[in-house]
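A short worksheet on the structure shown next.
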Amino acid sequence: MLEKKNGHLGQTLQLSIIIPNPYFSITSSLPEMPLLRFYYLCPINFRHTRMSNIRVRFAPSPTGPLHMGGVRTALYNYLFARHLGGKMILRIEDTDQTRFVEGAEDYIVRSFDWCGIKFDEGVHVGGDFGPYKQSERSDIYRKYIQILLDKGMAYYAFDTPEELDALRKKHEEEKTTFIYDSKSRMQLRNSLSLTKEESEELIQNGTAYVIRFKIPEDQYVFFNDMIRGDVKVHSSSLDDKVLFKSDGLPTYHLANIVDDHLMEISHVIRGEEWLPSAPLHILLYEAFGWEKPLFAHLPVILKPVGKGKLSKRDGDKLGFPVFPLAWTDPKSGETSTGYREEGYLPEAFINMLALLGWNPGTEQEIFSMEQLIESFDIHRVVKSGAKFNPDKAKWFNQQFIRLKSENELAIECSELLKAKGIDASLDYVETLVALIKERLVFIHDFWDQTFFFFEAPQEYDAKVAKKRWKENTSEHIAALAELLKDLSDWKAEPIKERMSAFIQEKELSMGQMMNAIRLALVGSSMGPDLALIAELIGKENCIARMNRAATHIKK
RNA sequence: GCUCCGUUCGUCUAGGGGUUAGGACGCCAGGUUUUCAUCCUGGUAGCAGGGGUUCAAAUCCCCUACGGAGUACCA
């Protein structure tokens, strides 16, 4: 790993488990102190258990519903923290007022509640490191940006957005990219290019300004990612990012670093989209002289088909949810469905998400949240993006439905029936659940699997009729119905005996006749044991259905 | 374009110098079931390409290709 970056060091370290300690600054060059080398060689678990306070955070922006990628990021944070006995924090990053969406924060909280991801601190539960909403922390950021200004590591920039846009456009036409950096900053309007007096005057006059970070020139920034290993970037490829906007609020970069430091975040586990700005964050920590957290950049979730990452719109197009819960956009009124609404069990959703980009190193696939916590190791998160597979998501749901007790399922199925205006006893529903449990992918499949217990078929599957209904089938069915009238003990066993005896006596084909009866009772060739169906729908219904079929199905 | 990250069956992945390259989803076939589903058994299919290093490379190195992310007074 290190060899790639640093030849001479690589030669001294021949072992492959080299994970640099992030608590030492290694910006300009890799240190060669023996102690550090020892630390590099320490097994990962040793380093984790030594860390007394594991604190991680999930820090969404309330700009809309959280999508499944966000839930997965939060989940990995949660599993990581719980596995190591640490704390999980929910912080709301709402520094961009223009993108604020009403109800988004509440949606985020409700989603985690449904998923079973619990927070130790956060906007909704409080804690000792609050406030947990960035819009309520602006004084804090102002204080810290001043420190950077005083140290000469940040500067005022007076360029208007229009000026910068024009510059970018001009460069684009020339097939180059405009970068606000050490090469261009002296040609722009800022406190570095202007005299002190000029800058002060502009500020006095109320000229709008932003505060930019002064990226140090010509140095390498190293950091270690728990998933990707060592990453090296040259500062010349970084630009002077805006830290403080003209509206008096910080950008993500500043707020994030300040909050993570103040909230004593030990591990930053976030999406891969942050990887390119990680070097900036490292530099920021160093500018403040703060201890850095350990980083882990998670791979993205990709679309099941086609190119690119899974986006909020894919769900509707491809027929699966991308959100945990249904969401209605407050402005457009547009509604998107959620996993919950589509019939997914939260356990299944979580299990599926956990295995999308992580594996336990064993062949176990079905995990409870407790088991996930027990097994989770962030070093087993894969590096590459994972295409989401809706079929596998369904399979997980099917597995978790089987894990549910018949009573639990019956309670939910009863609700389903009630919505259809059917009032069945819980006992009866439970009996049915026991019969068809293995056929359910979703709980709402219950109706498709049991409708014939509640209502007689009005139509008969033409294909099955063609195959099973012969010249005199109607006659036989009517005769059998007549025969069944005399059966006093209406239970599956005697029913079956009576049917078999009839078929044998008439020298009919068992398969043909049984399927014909099934067609009469169910309307198609599906369902559990025929005699059981007959028993459960009752004698009268059974006979009525047979007689109806005898007159309605024509060869 | 530039910067960074990646690449093992169609998909999710194991495997990290010597493996018949393993598992799961999907798909196909057979068995079980009087039907359908379940279940069981089997099958299908993969190391992106090219160079090195090595007795030996999916595994280590380099190049190419492809994919992804970023390139905002968004997060």
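In what follows, every chain begins at residue 1, and chains take the letters A, B, ... in the order their sequences are listed.
Using a 4.0 Å heavy-atom distance criterion, A:V210 is classed as a base contact. Within 4.0 Å of A:S237, counting heavy atoms only, lie sugar-phosphate atoms of the nucleic acid but no base atom. Backbone-only contact: A:K387 has heavy atoms under 4.0 Å from sugar-phosphate atoms and none from a base. Using a 4.0 Å heavy-atom cutoff across all strands shown, A:D159 reaches at least one base atom of the nucleic acid. A:G361 comes within contact range of no nucleotide atom at all, as no heavy-atom separation falls under 4.0 Å. Contact annotation for A:R380: backbone-only contact, meaning every heavy-atom pair under 4.0 Å involves sugar-phosphate atoms and none involves a base. Contact annotation for A:G308: backbone-only contact, meaning every heavy-atom pair under 4.0 Å involves sugar-phosphate atoms and none involves a base. Within the nucleic acid shown, A:V382 comes within 4.0 Å of sugar-phosphate atoms alone, with no base atom in reach, counting heavy atoms only. A:S525 comes within contact range of at least one nucleobase, with a heavy-atom separation under 4.0 Å. Within 4.0 Å (heavy atoms only), A:S384 reaches sugar-phosphate atoms of the nucleic acid but no base atom. No contact: A:K437 has no heavy atom under 4.0 Å from any strand.
For the C1' atom pair drawn from B:U7 and B:G42, the interatomic distance equals 31 Å after rounding to whole Å. Comparing the P positions of B:U3 and B:A45 gives a spacing of 41 Å, expressed to the nearest Å. To the nearest whole angstrom, the two C1' atoms, one in B:A24 and one in B:U32, are 24 Å apart. For B:G18 and B:A58, the C1' atoms lie 13 Å apart once the distance is rounded to whole Å. Here, B:U13 and B:A75 have their P atoms 30 Å apart, quoted to the whole Å. Straight-line distance between the P atoms of B:G22 and B:A65: roughly 33 Å, to the nearest whole Å. Separation of the P atoms belonging to B:C74 and B:G67 is 31 Å when rounded to the nearest angstrom.
Smallest separation of non-hydrogen atoms from A:P321 and A:M68: O-SD, 4.0 Å.
Across B:U71, B:C12, B:U35, the shortest atom-to-atom separation from the side chain of A:K392 is found for B:C12. Listed nucleotides B:C74, B:U3, B:G70 differ in distance to A:P276; the shortest reach to its side chain belongs to B:G70. When each of B:C5, B:C12, B:C74 is scored by its nearest atom to the side-chain atoms of A:R99, the top-ranked nucleotide is B:C74. Ranking B:A69, B:C25, B:C73 by closeness to the A:K245 side chain, first place goes to B:C73. Distances were taken from every side-chain heavy atom of A:N359 (C-beta onward) to each of B:U71, B:U35, B:U13; the shortest belongs to B:U13. Which of B:C12, B:A75, B:G68 sits closest to the side chain of A:Y252 comes down to B:A75. With B:G26, B:C36, B:C5 as the candidates, the nucleotide lying closest to the side chain of A:M526 is B:C36.
Cation-pi geometry between A:K232 and A:Y220 is satisfied (NZ or CZ under 6.0 Å from the ring centre, within 45° of the ring normal).
Mapping A:I227 and A:F158 onto RNA chain B via the closest heavy atom, the residue that lands nearer the 5' end is A:I227. Each of A:P60 and A:K175 was assigned the nucleotide of RNA chain B with the nearest heavy atom; the assignment lying further toward the 5' end belongs to A:K175.
Here A:V464 pairs with A:D461, A:R468, A:L519, A:S525 under the side chain to side chain contact (heavy atoms under 4.5 Å, CB included) rule; sequence neighbours left out.
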Residues A:K133, A:D94; criterion salt bridge (Lys or Arg N to Asp or Glu O under 4.0 Å); working and verdict: CA-CA 7 Å; A:K133 196 182 287 195; A:D94 56 346; 5.2 Å; no
Derivation of the side-chain contact (heavy atoms from CB on, under 4.5 Å) call for A:E365 and A:Q399: CA-CA 10 Å; A:E365 291 209 90; A:Q399 299 305 309; over 6 Å; no
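Dashed line: the shortest gap from a side-chain N or O of A:T95 to OP1 or OP2 of B:A75 is under 4.0 Å. Close to B:G67, at under 4.0 Å from its OP1 or OP2, lies a side-chain N or O of A:K307. A sub-4.0 Å separation between OP1 or OP2 of B:A72 and a side-chain N or O of A:R168 is present. Neither OP1 nor OP2 of B:A69 sits under 4.0 Å from any side-chain N or O of A:R270. Considering only side-chain N and O atoms, A:N389 lies nowhere under 4.0 angstrom from the phosphate OP1 or OP2 of B:C12.
In this entry B:A24 has B:U11 as its Watson-Crick or G-U wobble partner, both defining distances falling under 3.5 Å. Nucleotide B:A45 forms no Watson-Crick or G-U wobble pair with any nucleotide shown, as no partner meets the under 3.5 Å limit on both distances. Under the Watson-Crick or G-U wobble criterion, with both distances below 3.5 Å, B:A75 is left unpaired in every strand shown. Across all strands shown, the partner of B:C66 is B:G6, judged by Watson-Crick or G-U wobble contacts whose two distances both fall under 3.5 Å. Across all strands shown, nothing is found opposite B:G16 as a Watson-Crick or G-U wobble partner with both distances under 3.5 Å.
Taking a 4.0 Å limit (strictly below) on heavy-atom distances, residues 527-536 of chain A reaches RNA chain B at A:G527, A:P528, A:D529, A:L530.
Once rounded to the nearest 0.5 Å, the distance linking CG of A:N256 with NE2 of A:H261 reads 13.5 Å.
The base of B:G1 lies outside donor-acceptor range of the side chain of A:T176, with no N or O pair under 3.5 Å.
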Produce the list of close N/O pairs, under 3.5 Å, pairing protein atoms with atoms of nucleotides 37-40 of chain B; give distances to one decimal.
unit_1	atom_1	unit_2	atom_2	d
B:A37	N3	A:R439	NH2	3.4
B:U38	O3'	A:R402	NH1	3.4
B:U38	O3'	A:R402	NH2	3.2
B:C39	OP1	A:R402	NH1	2.9

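Rounded to whole Å, the distance from CD1 on A:I301 to P on B:C5 is 22 Å. Straight-line distance from the CD atom of A:E172 to the P atom of B:A72: 10 Å, rounded to whole Å.
Between the side chains of A:N190 and A:Y209, no donor-acceptor pair is found at a separation under 3.5 Å.
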